[in-house]
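Below, read A as the first sequence line, B as the second, and so on, with proteins coming before strands; counting in each chain starts at 1. Note that these values count all heavy atoms, side chains included, but never hydrogens, waters or copies made by symmetry.
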Number of protein chains: 2
Amino acid sequence: MAMSGSSASGRAGRPISPDTTAAILAAARSLVVVHGFAAVTTAMIAAEAGASKQALYRRWTTKADLVLEAFLAQAQAEVDDPAAAEAGDDRLLAFLRRTCAALSTSGPALRSLMAAAQEDDAFRRRFHERLILPRRAALRAVLAEERPAASTEALDLAVTALFGAIWYRLLLDEPLDDDLARRLTALVRAGM
Amino acid sequence: MAMSGSSASGRAGRPISPDTTAAILAAARSLVVVHGFAAVTTAMIAAEAGASKQALYRRWTTKADLVLEAFLAQAQAEVDDPAAAEAGDDRLLAFLRRTCAALSTSGPALRSLMAAAQEDDAFRRRFHERLILPRRAALRAVLAEERPAASTEALDLAVTALFGAIWYRLLLDEPLDDDLARRLTALVRAGM
DNA sequence: ATATTACGGAACCAATAGTACCGAAATAGG
DNA sequence: CCTATTTCGGTACTATTGGTTCCGTAATAT
């Protein structure tokens, strides 16, 4: 492949190829989208990427870790406020709608990652830090905008209820549609 | 063991021993509480119960299925309105408190079952039907009592937000304490 | 040049859910 | 009783797959 790089890492020896890294991530993403996390083996990912399994495990400690990274950038770009929305919009409703929409494609993968997090403490910490927390921060910012007086604790509880409901439905195979986003918005604003 | 039974099943041949069934369930429960779902193998359960693996698979299709049944009765008895609570109590708050309290012991097992449900459609359906739905019905009944005018749809959404928040925190290893129950109660009643 | 590291490829290991088969024991129906 | 049927505990087995190790080779830093 191309050499792409000009000797700038502190280490000696042949440097890690960014092309190989990208190929592995792309292979993981497409395979998992099609077959689901459990049905995709590390051997399949390596083959699809034209790489060796060793190339995978040199970069990530675990299959779950690799798939997490493969879906991170995508999820972030799709949900976190593209174009910052024009003023006057319902920012909260728009955020929840984008979240539900994004989960229609990456949802199955995220479900599997949440499942993997249940049996692996180290992975759960990374999952929490790299996927859960950034999403929470983004939603909290949206909420803070419309409730500037609310305490951090109150905002966090609302974030928990909103993402909690969405994850609950995702994990139980129930639809995540615009209507859910709308009703959750109303619930958290006005109560039952 | 005792023979316990007096020839009342339609089938010919030696009948399934309820004693063996009970021993397997008890073994599964105690082993999973101590070591966690993933660390307990079917061979360990069989050995602890003084049974064979075949005895397990004659009764349940899957390890997850067996563990689900092992925790069902317990979870139900602990949460669903023991003694129906005296009038004047805050029924909703009490229900959520019992839920959180029960999860301090059976929570780890339920997390693993939720994880297993993500990769096995047939098991997810049983999990949904036997654990999730009964809990939802119980909570909805409590809510309906204090909001007799509310639509079924509105009640269901509140149930989703409440259980969603609790599952979300359970799966992410965050504490489920009385304070959470109190704040969730307030949120769903009064809004953010 | 030389040491170092990544590369693809292939063989390998360990763990374990679930199955198959055994001879023995328990039951139903005749 | 007798016989077909089924469960019993026990043991061996299969199949799958994360993750590791080792190979000879290629790319890079000094």
- Item | Atom-pair distance (CH2 on A:Trp60; P on D:dT20), nearest Å | 15 Å

- Message: Checking A:Asp173 against B:Arg125 for the salt bridge (Lys or Arg N to Asp or Glu O under 4.0 Å) test, could you report, in this order, the C-alpha distance in whole Å, the side-chain angles of both residues, the deciding distance, and whether it holds?
- Response: CA-CA 10 Å; A:Asp173 235 8; B:Arg125 281 191 288 273; over 6 Å; no

Nucleotides 12-18 of chain D: which of its N/O atoms have a protein N/O under 3.5 Å away?
unit_1 : atom_1 : unit_2  : atom_2 : d
D:dG18 : OP2    : A:Thr42 : N      : 3.3
D:dG18 : OP2    : A:Thr42 : OG1    : 3.4

- Message: Tell me if a side-chain donor or acceptor on A:Ser151 pairs with a main-chain N or O of A:Ala154 at a distance below 3.5 Å.
- Response: yes

- Message: With a 3.5 Å distance limit and no angle check, can you tell me whether A:Arg169 reaches the backbone of A:Pro175 through a side-chain donor-acceptor pair?
- Response: yes

- Row check, A:Tyr57 ring normal vs A:Lys63 NZ/CZ: under 6.0 Å, within 45°: no

- Message: Just the rounded figure in Å: distance from P of C:dC7 to CG of A:Leu56.
- Response: 10 Å

- Message: Between A:Arg189 and A:Glu146, does any NZ, NE, NH1 or NH2 come within less than 4.0 Å of an OD or OE carboxylate oxygen?
- Response: yes

- Item | A:Thr160 side chain to A:Arg136 side chain, donor-acceptor N/O pair below 3.5 angstrom | yes

- Considering only heavy side-chain atoms of B:Ile16, the closest of D:dC8, D:dG9, C:dT5 is D:dC8

- B:Arg183 and B:Asp179 ion-paired at < 4.0 Å: yes

Which atom pairs, one a donor and one an acceptor, fall under 3.5 Å between side chains of residues 100-110 of chain A and the rest of the protein, sequence neighbours left out?
unit_1   : atom_1 : unit_2   : atom_2 : d
A:Ser104 : OG     : A:Ala101 : O      : 2.7
A:Thr105 : OG1    : A:Ala102 : O      : 3.2
A:Ser106 : OG     : A:Ala102 : O      : 3.1

Any protein N or O atoms within reach of nucleotides 24-26 of chain D? Criterion: under 3.5 Å, listing atom names and distances.
unit_1 : atom_1 : unit_2  : atom_2 : d
D:dA26 : N3     : A:Arg14 : NH1    : 3.3

